[in-house]
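Structure record follows, encoded as structure tokens.
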Amino acid sequence: MSHTVGARQAQKQQSRRALMDAGLHLLADQNLASLGVREVTREAGLSPAAFYRHFPDLAALGVVLVEESLASLHVMIRAVFAEAGGAEELIDRAVEVIRRHVREHRPHVRFLARERHGGVRQVREAIDAELGRFAAEVGSALALQPVSQGWSEQDLRMLAELYVDHMVSTASAFLEAQEEVDPARERRIAATARLQLRLISLGRRHWQGN
């Protein structure tokens, strides 16, 4: 009996994964608002009824893709802050992490870049919420650094959001360069990102608050 239940659960997870992969693949060339359930199920090799056993609508599928798209980046950025080293080393690691993340998760980054300001409200809100949680994580890591001594919670949150916005824009720039297969442009983006982060770091050391 337990074997049957386990096999059924595995099949359910496989179908869910197929729908997510199909959606992500189709979203390479269009936005979520223009996608139809039949397109997704046809791509996944499943029936429309199978889709509704996993998701109430395409917006729900989009929200799950948002969570998946940012999950691995959370882990990588936490690792950056966990390692020892000065500001310069942290900046170099952060830029390299973003570049590697885009290379390894290009469909997810493309999806986020397109849907962050797209036409599906639930997905926009999910992206904003995830980036907000991301900023909270970054803020907590920044608060532990000696240079943050005396900073207010509000100022730390502002700095964290600045870092997160920079990461998102840098990821979008890397995405374009990688899709155009332009290594020289990719190197320029990395160099610019490091300079911008150094400027933020310099301003941080001299920030007096309101």
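Values below: every heavy atom of this structure, side chains too, minus hydrogens, waters and symmetry copies.
For the pair Glu88/Arg194, no side-chain contact is recorded, criterion being any heavy-atom separation below 4.5 Å from C-beta on. You'll find the side chain of Pro107 reaches within 4.5 Å of the side chain of Arg110, heavy atoms only. Inter-residue side-chain proximity for Leu90 and Gln145 is flagged as met; some heavy-atom pair is nearer than 4.5 Å. You'll find the side chain of His101 stays beyond 4.5 Å of the side chain of Phe174, heavy atoms only. Taking 4.5 Å as the limit, every side-chain heavy atom of Leu112 sits out of range of all side-chain heavy atoms of Glu130. Arg133 has its side chain out of reach of Leu70: every pair of non-hydrogen atoms, C-beta onward, lies at least 4.5 Å apart. Met20 places none of its side-chain heavy atoms less than 4.5 Å from the side chain of Leu24.
Separating the CD1 atom in Ile189 from the CG atom in Asp182 is a distance of 8.0 Å, to the nearest 0.5 Å. Note that OG of Ser148 and CZ of Arg205 are 12.0 Å apart. Values are rounded to the nearest 0.5 Å. The CZ atom of Phe111 sits 10.5 Å away from atom CG of Asn31, with the distance rounded to the nearest 0.5 Å. Atom CD of Gln13 sits about 11.5 Å away from atom CD of Gln11, to the nearest 0.5 Å. A distance of 7.5 Å separates OG of Ser15 from CZ of Arg53, quoted to the nearest 0.5 Å. Rounding to the nearest 0.5 Å places CG of Leu27 at 6.0 Å from CD of Glu115.
By the rule that hydrophobic residues join a cluster once side-chain heavy atoms approach within less than 4.5 Å of another member, Leu202 and Trp207 end up as members of separate clusters.
Just one residue in the list Glu153, Gln154, Glu161 forms a side-chain hydrogen bond (donor to acceptor under 3.5 Å, both in side chains) with Arg157, and that residue is Glu161.
Applying the ring pair (Phe, Tyr, Trp, His ring centres under 6.0 Å) test to every pair with at least one member in residues 18-69, sequence neighbours left out, gives these pairs: Phe51-Phe55.
When only modelled atom types and interatomic distance are considered, Thr170 and Arg99 share no side-chain donor-acceptor pair under 3.5 Å.
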